[in-house]
J.: 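This is the structure I have questions about; it appears just below.
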Amino acid sequence: TEPGEGCMLTEVSQRQAAFRISGAQAPAILASAISLVDGLRPGRCGRTKFAEEADVFVQQLADADYRLLIDVGLSRYAADWLREAAELTQ
């Protein structure tokens with residue numbers, strides 16, 4: 001990834017993990033897993049399904065900058081999915 005772009009995983013509680021997806025490919029990466037990306041705007045958020053399986057909370061922080069909150073038990077699955085999507089969008 002380019003400097004300032006990429007993915008970050010941070011455990012935010014014992015229940016949820018946070019991913020931050022940013023950079024020019026961020027919308028495409030997220031669109032591979034959720035359907036809400038086109039409806040978001042900076043400062044807005046929403047709940048949707050990740051890979052049509054898990055409930056997630058998505059917040060658009062700025063243009064091409066998103067935070068994704070997912071159950072901590074599914075964080076490895078989500079990390080693998082997002083990593084693969086990032087590789088496919090390069």
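Numbers here are sequence positions counted from 1.
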J.: With rounding to the nearest 0.5 Å, note down the distance linking CD1 in Ile29 to CD1 in Ile34.
T.: 12.0 Å

J.: Does the side chain of Tyr66 reach to within under 4.5 Å of the side chain of Ser22, using non-hydrogen atoms?
T.: no

J.: Ignoring hydrogens, what is the shortest heavy-atom contact between Phe50 and Val56? Give both atom names and the distance.
T.: CB-CG1, 3.4 Å

J.: Over all heavy atoms of both residues, which pair between Ala26 and Ala64 is shortest? Give the atoms and the distance, please.
T.: CB-O, 3.7 Å

J.: Decide yes or no for Ile21 and Asp65: does some side-chain heavy atom of the first lie under 4.5 Å from some side-chain heavy atom of the second?
T.: no

J.: Pairs in or reaching into residues 47-61: which pass salt bridge (charged side-chain N to carboxylate O under 4.0 Å, His left out), with residues at least two apart or in two chains?
T.: Lys49-Asp55

J.: Which value, rounded to the nearest 0.5 Å, describes the distance between Leu74 atom CG and Asp80 atom CG?
T.: 11.5 Å

J.: Just how far is it from atom CG of Leu30 to atom CD of Gln25, taken to the nearest 0.5 Å?
T.: 11.5 Å

J.: Are any non-hydrogen side-chain atoms of Gln16 and Val72 less than 4.5 angstrom apart?
T.: no

J.: With the side chain counted from C-beta on, respond yes when Thr48 and Ser35 share a heavy-atom pair under 4.5 Å apart, and no when they do not.
T.: yes

J.: Within this structure, what is the CZ-CZ distance for the pair Arg20 and Arg67, rounded to the nearest 0.5 Å?
T.: 6.5 Å

J.: Identify the heavy atoms of Asp63 and Pro42 that sit nearest to each other, and give their distance.
T.: OD1-CG, 3.6 Å

J.: CG/Leu82 to OG/Ser32 distance, rounded to the nearest 0.5 angstrom?
T.: 6.5 Å

J.: Would you name the heavy atoms of Ser75 and Phe19 that are closest together and state the gap between them?
T.: O-CZ, 3.4 Å

J.: If we only count heavy atoms from C-beta on, is the Gln59 to Leu68 side-chain gap below 4.5 Å?
T.: no

J.: Test of understanding: clusters of I, L, V, M, F, W, Y form through side-chain heavy atoms closer than 4.5 Å, transitively. Do Trp81 and Val58 belong to the same one?
T.: yes

